[in-house]
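Heads up, the thing below is written out as structure tokens.
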Amino acid sequence: MSRIFITGSSTGLGLMAAELLAEQGHQVVLHARNAARAEDARRALPQAEAVVIGDLETVAGAKEVAASVNALGRFDAVIHNAAVGYREAHRLTSDGLPHVFAINTLSAYILTALIDRPRRLVYLSSGMHHHADANLNDILWKKRRWNGSEAYAESKLHDAMLAFAVARRWKNVFSNALEPGWVPTKMGGAGAPDDMAQAHLTQAWLTAGDDPQADVSGEYFYHLKRRTANPQAHDPALQDQLITICEEVSGLELPE
């Protein structure tokens, strides 16, 4: 049995992965942005060990979530699932950051840096990352005209970069990224064409620790199979640059 924390798991793919892992006999801790969503999550999965409440939009909020997770004890795995989608208008958080970057990229970094190191880390990317550019010279969208679709795709490339940077730095951790497919969740939209029944299986498989085939690191997956990631995701120099940016913005160093 593994103990697994899943961000953004009050609904959608996060909750689906949690339900599957709980059915398999694993201990699952959910995460919700606010108390109302937490109550929904408890009703949806009453066997969950706990629901951590916290808004990942701000640096302080992400730090509070990490502290709440650590207060529950050590986890075997963390699934970084929380995200906003590709149709977002430009909006700055109270920290002055584009909220797509703050939630999709920076919060995953903060939680990675602060949550007591688990054995397994899984980061949800997107098929849209394949055609994105990291744009690390304008990651906060100060020079470019806002494009929600591009901002989302970039952030999902950043998540893959973070997964592979962690795999390179933390040799005792299995750190991987995946794309769940374009599925008809609230984020994906009703017309999304991919198979919803497949969308949560890979993250559950990578975190459960039941299959030696999942004992890999620095890999990218789609529907339980390895897939080639955007080459920028595997570039150590770009990975290090992204880590440096996240360190500067958050005030937190990634532990060695």
Side-chain angles (χ1 to χ4, degrees), residues 1-84 102-124 159 162-163 166 170 172-178 180 185-187 199-210 214 250 252 254-255:
M1 183 185 75
S2 292
R3 193 162 182 252
I4 300 156
F5 173 62
I6 308 174
T7 68
S9 47
S10 64
T11 188
L13 298 184
L15 180 59
M16 290 171 63
E19 290 169 337
L20 176 58
L21 288 162
E23 285 172 17
Q24 294 171 347
H26 301 289
Q27 268 184 296
V28 178
V29 171
L30 304 177
H31 161 254
R33 189 172 66 212
N34 54 45
R37 285 176 176 249
E39 191 55 40
D40 291 342
R42 288 189 190 95
R43 279 197 297 267
L45 191 64
Q47 63 267 50
E49 177 190 342
V51 182
V52 171
I53 300 173
D55 193 343
L56 297 176
E57 181 175 291
T58 66
V59 172
K63 288 179 178 179
E64 288 171 8
V65 169
S68 296
V69 173
N70 288 336
L72 294 171
R74 188 168 291 275
F75 285 79
D76 298 294
V78 175
I79 300 177
H80 292 284
N81 170 82
V84 291
I103 296 168
N104 294 11
T105 302
L106 189 63
S107 76
Y109 170 82
I110 293 170
L111 296 181
T112 300
L114 290 181
I115 291 176
D116 293 336
R117 193 174 306 185
R119 180 72 170 140
R120 298 172 185 275
L121 288 164
V122 174
Y123 300 81
L124 264 72
D159 287 333
L162 179 57
V166 170
W170 295 355
N172 61 337
V173 172
F174 298 125
S175 178
N176 297 287
L178 65 95
T185 58
K186 184 189 292 187
M187 181 191 295
H200 61 303
L201 301 184
T202 306
Q203 49 269 48
W205 172 68
L206 285 169
T207 51
D210 297 333
S250 68
L252 293 167
L254 186 68

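This is a predicted model, so every value here is computed, not measured.
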Taking all non-hydrogen atoms of both residues into account, name the closest pair between N81 and G8 and its distance.
ND2-O, 2.9 Å

Test side-chain contact (heavy atoms from CB on, under 4.5 Å) applied to A32 - qualifying residues, sequence neighbours left out
S10, R37, A38, V51

Let me confirm one number: the CG-OG1 distance from L162 to T112, rounded to the nearest 0.5 Å.
4.5 Å

About how many Å separate CD of E49 and NE2 of H26, when rounded to the nearest 0.5 Å?
14.0 Å

Would a distance-only check, ignoring hydrogens and angles, find a side-chain to backbone donor-acceptor pair under 3.5 Å from T7 to A82?
yes

Shortest non-hydrogen pair, L20 vs A204, comes out as CD2-CB, 3.8 Å

Nearest heavy-atom contact between A113 and L254 is CA-CD1, 4.0 Å

Show the numbers, then the answer: is there a side chain to side chain contact (heavy atoms under 4.5 Å, CB included) between D40 and T11?
CA-CA 8 Å; D40 291 342; T11 188; over 6 Å; no

Could you tell me which residues satisfy side-chain contact (heavy atoms from CB on, under 4.5 Å) with T207, sequence neighbours excluded, listed by chain and number?
I4, L21, A77, I79, V122

Kindly write out the residues that satisfy ring-ring contact (aromatic ring centres under 6.0 Å, His included) with W205, not counting sequence neighbours, or none if the list is empty.
F221

Listed partners of Y109 passing ring-ring contact (aromatic ring centres under 6.0 Å, His included), at least two apart
none

Drop me the distance from H200's NE2 to S9's OG, to the nearest 0.5 angstrom.
13.5 Å

Locate the shortest heavy-atom distance separating A18 from L30; write the atom from each residue and the value.
CB-CD2, 3.4 Å

Worked verdict on L206 versus R120 for side chain to side chain contact (heavy atoms under 4.5 Å, CB included)
CA-CA 8 Å; L206 285 169; R120 298 172 185 275; over 6 Å; no

In terms of heavy-atom contacts, S250 and V59 come closest through O-CG1, 3.9 Å

Partner set under side-chain contact (heavy atoms from CB on, under 4.5 Å) for A163, not counting sequence neighbours:
Y123, S175, A177

Atom pairs and distances, donor-acceptor, side-chain atoms in residues 68-76, under 3.5 Å, two or more places apart:
{"residue": "S68", "atom": "OG", "partner": "E64", "partner atom": "O", "Å": "3.1"}
{"residue": "N70", "atom": "OD1", "partner": "D116", "partner atom": "N", "Å": "2.8"}
{"residue": "N70", "atom": "ND2", "partner": "A66", "partner atom": "O", "Å": "3.4"}
{"residue": "N70", "atom": "ND2", "partner": "L114", "partner atom": "O", "Å": "2.9"}
{"residue": "R74", "atom": "NH1", "partner": "R117", "partner atom": "O", "Å": "2.8"}
{"residue": "D76", "atom": "OD2", "partner": "R3", "partner atom": "N", "Å": "2.7"}

With rounding to the nearest 0.5 Å, note down the distance linking CE in M16 to CG in L201.
7.5 Å

Separation between CD (Q203) and CG (L13), nearest 0.5 Å, reads 6.5 Å

Give the C-alpha distance, both sets of side-chain angles, the deciding distance and a yes or no for side chain to side chain contact (heavy atoms under 4.5 Å, CB included) between V84 and E57.
CA-CA 10 Å; V84 291; E57 181 175 291; over 6 Å; no

When you measure from the side chain of R119 to the backbone of N172, do you find a donor-acceptor pair of N or O atoms at a distance under 3.5 Å?
yes

A108 to H80 - nearest heavy-atom pair and separation:
O-CE1, 3.8 Å

Side chain to side chain contact (heavy atoms under 4.5 Å, CB included), that's the test. Do L56 and H31 meet it? Break it down for me.
CA-CA 10 Å; L56 297 176; H31 161 254; 3.7 Å; yes

